[in-house]
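Residue numbers run from 1 in the order of the sequence given.
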Amino acid sequence: MLSTSERTNAMNFGDIFVPALMVFILCYGLVKKVDIVNVFCEGATENLKIAVGLIPMLILLMTAVGMFTSSGAADIIAKLLRPVTTFLGFPEECIPLAIVRPISGSGALACLETILSSVSPDSYSGRVASVLMGSTETTFYTIAVYFSAIKQKAYPSVFAAACLSDLMGFVFSALAVRLFFS
């Protein structure tokens with residue numbers, strides 16, 4: 001925990017840094033004789049076009065995640081994986097979280113909330129779930145959004161690397177909790 005003076009220093013730094021950065025950017029633009037307003041508007045317009053182009057992919061992804069979790073497919077996959085995860089020492093309560101995490105951040109957050117409300121956050125399962133949430137990414141969502149933004153098809157090697165990194169995140173979250181909290 002941070003002491004009161006450390007929290008005050010952290011807040012003061014944040015309160016000063018952002019406005020100072022903005023002033024620096026404005027001054028730099030003035031020195032370089034850049035039309036700051038025009039450049040800002042061009043950047044905002046370009047980013048708005050990218051955001052509008054991402055909307056169909058986001059709707060598709062959110063619909064697919066909703067269907068996946070509502071259909072009970074995650075629970076079926078969890079039951080099939082139970083022998084392997086038990087052998088690896090991965091808590092049974094965390095299997096649905098591990099399945100949903102690469103697909104949906106909000107779905108994973110709901111799984112985490114379910115886990116932490118059913119077991120103690122200080123339990124092995126609660127700690128593994130917390131470490132897993134912090135050490136993995138919504139990889140399929142991220143791949144879909146980034147490759148949609150650059151209008152390219154994702155390579156199979158991207159999916160393989162992402163799945164492998166998620167798998168390692170799952171295994172090592174349980175291992176880290178055993179090493180540091182046992």
Side-chain angles (χ1 to χ4, degrees), residues 1-66 68-69 94 97-98 100-117 121-122 126-155 157-170 172-173 176-177 180:
M1 299 265 324
L2 295 175
S3 69
T4 305
S5 64
E6 289 172 328
R7 276 185 272 150
T8 303
N9 290 339
M11 285 189 288
N12 288 340
F13 176 76
D15 292 341
I16 293 170
F17 180 75
V18 173
L21 181 63
M22 292 174 68
V23 169
F24 172 77
I25 291 170
L26 289 172
C27 291
Y28 184 80
L30 291 172
V31 168
K32 293 290 185 174
K33 297 183 179 163
V34 173
D35 184 3
I36 298 169
V37 174
N38 190 34
V39 170
F40 176 82
C41 289
E42 287 174 8
T45 303
E46 184 178 325
N47 286 324
L48 189 58
K49 287 177 186 176
I50 291 171
V52 169
L54 290 176
I55 289 173
M57 182 60 72
L58 293 175
I59 291 171
L60 173 68
L61 194 58
M62 287 188 293
T63 303
V65 167
F68 177 72
T69 54
C94 296
L97 175 60
V100 173
R101 179 65 175 148
I103 303 167
S104 167
S106 58
L109 200 55
C111 286
L112 178 67
E113 191 273 326
T114 302
I115 293 168
L116 296 180
S117 65
D122 289 330
R127 287 180 174 168
V128 169
S130 298
V131 172
L132 190 147
M133 271 300 277
S135 62
T136 57
E137 178 59 73
T138 53
T139 51
F140 294 113
Y141 172 82
T142 304
I143 290 169
V145 169
Y146 288 150
F147 277 90
S148 175
I150 62 171
K151 295 176 178 45
Q152 283 190 355
K153 203 172 186 181
Y155 306 112
S157 59
V158 171
F159 287 102
C163 290
L164 183 62
S165 67
D166 279 336
L167 181 62
M168 292 298 102
F170 304 151
F172 284 112
S173 62
V177 169
F180 293 110

(message) Give me the atom names and distance for the closest heavy-atom approach of L116 to P121.
(response) CD2-CA, 3.8 Å
(message) If the condition is side-chain contact (heavy atoms from CB on, under 4.5 Å), which residues does S157 pass it with, not counting sequence neighbours?
(response) Y155
Listed pairs under 3.5 Å, donor-acceptor, residues 133-150 side chains, sequence neighbours left out:
unit_1	atom_1	unit_2	atom_2	d
S135	OG	V131	O	2.8
T136	OG1	R101	NE	3.2
T136	OG1	L132	O	2.6
T139	OG1	D166	OD2	2.7
T142	OG1	T138	O	2.9

Review item, side-chain donor-acceptor pairs of residues 158-165, under 3.5 Å, at least two apart:
unit_1	atom_1	unit_2	atom_2	d
S165	OG	A161	O	3.3
S165	OG	A162	O	2.8

(message) According to side-chain contact (heavy atoms from CB on, under 4.5 Å), who are the partners of F40, at least two apart in sequence or on a separate chain?
(response) none
(request) Indicate the atoms forming the closest heavy-atom contact of L112 with A129, along with that distance. (result) CD1-CB, 3.6 Å
What side-chain donor-acceptor pairs closer than 3.5 Å can you find for residues 46-58, not counting sequence neighbours?
unit_1	atom_1	unit_2	atom_2	d
N47	ND2	G43	O	3.1

(request) Taking side-chain hydrogen bond (donor to acceptor under 3.5 Å, both in side chains) as the test, write out the residues that go with E113, two or more places apart. (result) none
Tabulate below the donor-acceptor pairs under 3.5 Å that side-chain atoms of residues 20-35 make, not counting sequence neighbours, or state none.
none

(request) Could you grab the distance from atom CD1 of I115 to atom OG of S130, nearest 0.5 Å is fine? (result) 8.5 Å
(request) Taking side-chain hydrogen bond (donor to acceptor under 3.5 Å, both in side chains) as the test, write out the residues that go with N38, two or more places apart. (result) E42
